[in-house]
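Written below as structure tokens is the structure these notes are about.
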Amino acid sequence: MKIKYSEAWCLKMADLELGNEVGAGVFGLAQNVAKDAEYPTMHSSTIPFGRFVKLMRRNKRLTIEKLAEDADIDLDELIEIEDNAGHVPEPRTVYQLAQFFEVPTNNLMQVAGLSSTRDERLVNESMKFAARSDTLAPLSPEEKAALEAFVSILGRK
Amino acid sequence: MTAEVSKAYLREATTGLVKEAEVWDSIVEQHLVDWETEWKPYRDMILQAHRAAGVSLLKWPQSRHWDWRNKYQCVQGMLSTPSFAVMCSGMTEGLMLLDLSLHRCQLPEQKGKHLVYVDFLEVAPWNWKTSIGHSPRYAGVGSLLLRAAIERSLEEGFKGRVGLHALPQANSWYGKLGMIDFGPDSSKSNLHYFEMPLDKIDSFIGKDG
């Protein structure tokens with residue numbers, strides 16, 4: 001069947017609908033509770049996720065600001081992801097990063113500790129990756145300059 | 001079965017931009033694949049974010065474990081259970097299943113008459129409004145689907161009569177549309193049953209100006 005939706009009607013309704021949930025249909029409370037139990041508690045460490053994001057960014061020669069802009073994510077959160085192992089990333093951010101880096105959302109979600117499924121192989125590989133990617137290489141001139149500049153700022157009274 | 005597609009529009013919530021959309025008068029495999037590959041992972045992320053933030057289970061999205069492939073397979077091919085989908089930029093943004101035979105009106109002035117009952121209506125999880133951890137992508141998907149239910153009711157000769165059990169977080173929305181709230185229905189997990197009175201149908205679909 002063909003329905004004639006006018007643009008004006010659609011937009012009037014969209015503006016009215018903004019901020020409202022619209023779902024309808026019966027759900028089983030007991031079934032929900034049972035299935036909720038299948039969701040494991042968040043992984044305690046998201047170190048592999050932060051390392052992955054940082055290395056992918058560096059591999060693409062992007063600054064944090066540029067990655068945040070290109071992937072349409074919040075700069076503050078990107079900094080948290082790369083540098084705070086305890087940070088729980090927002091779902092949308094992981095989704096955007098998966099799209100940007102062209103990796104499967106499901107897998108990246110799991111590495112980020114946001115998945116209900118737990119693939120042991122992926123968990124093990126993530127930890128190996130985190131261990132191997134902790135480089136002992138000396139700082140590049142740019143890193144050294146940035147570090148010294150920051151130390152200088154930290155030293156200001 | 002070939003689905004017929006109607007042109008529609010959505011509002012991109014973050015930018016306010018107008019986006020062309022499509023309303024399909026049947027759920028097809030592509031919609032179910034989107035549900036499996038895009039909706040489910042995103043929904044899982046939202047649920048994990050709720051768990052991490054210690055949100056009470058009562059405030060989690062109530063449709064969080066709906067299985068659209070299973071729902072659709074149960075009614076596929078049945079003439080009395082039409083389905084609809086909304087798409088935008090090649091992605092499924094909303095799904096709906098209707099029932100034309102099992103329910104009757106409860107409003108006194110049309111009691112016992114046929115109506116279109118909205119069995120299930122859900123928007124993609126990235127369009128959920130009250131979930132934490134993200135900003136909704138599009139607004140208007142629910143309205144396009146409800147309009148489709150009313151249009152189907154008109155086509156069936158039911159004069160636009162529709163009824164539905166709203167998810168608790170959506171009670172205020174259906175009240176805002178002028179649907180009559182019959183209160184909690186003990187036979188349906190205490191969900192509120194809503195019905196659209198005849199005098200609100202024209203104003204909803206925009207016929208009275």
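Quick note on labels: first sequence line is chain A, next is B, and so on, each numbered from 1. Predicted model, so just to flag it, every value in this text is computed and none were measured.
Considering only heavy atoms from C-beta on, B:Y42 comes within 4.5 Å of A:R92 through its side chain. The shortest side-chain heavy-atom distance between A:C10 and B:L10 does not fall under the 4.5 Å cut-off. Contact of the A:I3 side chain with the B:E4 side chain is not registered, since no non-hydrogen atoms from C-beta on lie closer than 4.5 Å. No side-chain heavy atom of A:V22 sits under 4.5 Å from any side-chain heavy atom of B:V141.
Put simply, the side chain of B:K129 never gets that close to the backbone of A:L18: no donor and acceptor are under 3.5 Å apart.
Between A:E21 atom CD and B:Q62 atom CD the span is 8.5 Å, to the nearest 0.5 Å. Here CD of B:E155 is found 13.0 Å from NZ of A:K2. Values are rounded to the nearest 0.5 Å.
Heavy atoms closer than 4.5 Å to chain A are found in both the backbone and the side chain of B:E151. Only the side chain of B:F84 comes within contact range of chain A, judged by heavy atoms closer than 4.5 Å. With a 4.5 angstrom heavy-atom cutoff, B:P82 does not touch chain A via any of its atoms. No part of B:A21 comes within reach of chain A, as not one of its non-hydrogen atoms sits under 4.5 angstrom from that chain. For a residue to count as touching a neighbouring chain, one of its non-hydrogen atoms must lie under 4.5 Å from one of that chain's; by this rule B:L177 touches chain A with the side chain only. Only the side chain of B:R137 comes within contact range of chain A, with at least one heavy atom under 4.5 Å from a heavy atom of that chain. With a 4.5 Å cut-off on non-hydrogen atoms, B:Y138 does not touch chain A at all.
Counted within 6.0 Å of NZ on A:K4, heavy atoms from surrounding residues, nucleotides or ligands total 12 or fewer; the atom is thus considered open.
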Walk me through it: do B:S143 and A:L16 pass the test side-chain contact (heavy atoms from CB on, under 4.5 Å)? CA-CA 9 Å; B:S143 300; A:L16 192 65; over 6 Å; no
Working for side-chain contact (heavy atoms from CB on, under 4.5 Å), residues A:E17 and B:W173: CA-CA 7 Å; A:E17 191 180 308; B:W173 166 242; 3.6 Å; yes
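Between chain B and the options A:D15, A:T105, A:V94, heavy-atom pairs under 4.5 Å are most frequent for A:D15.
Counted by atom type alone, B:E38 and A:Y95 present one or more donor-acceptor pairs between their side chains at under 3.5 Å.
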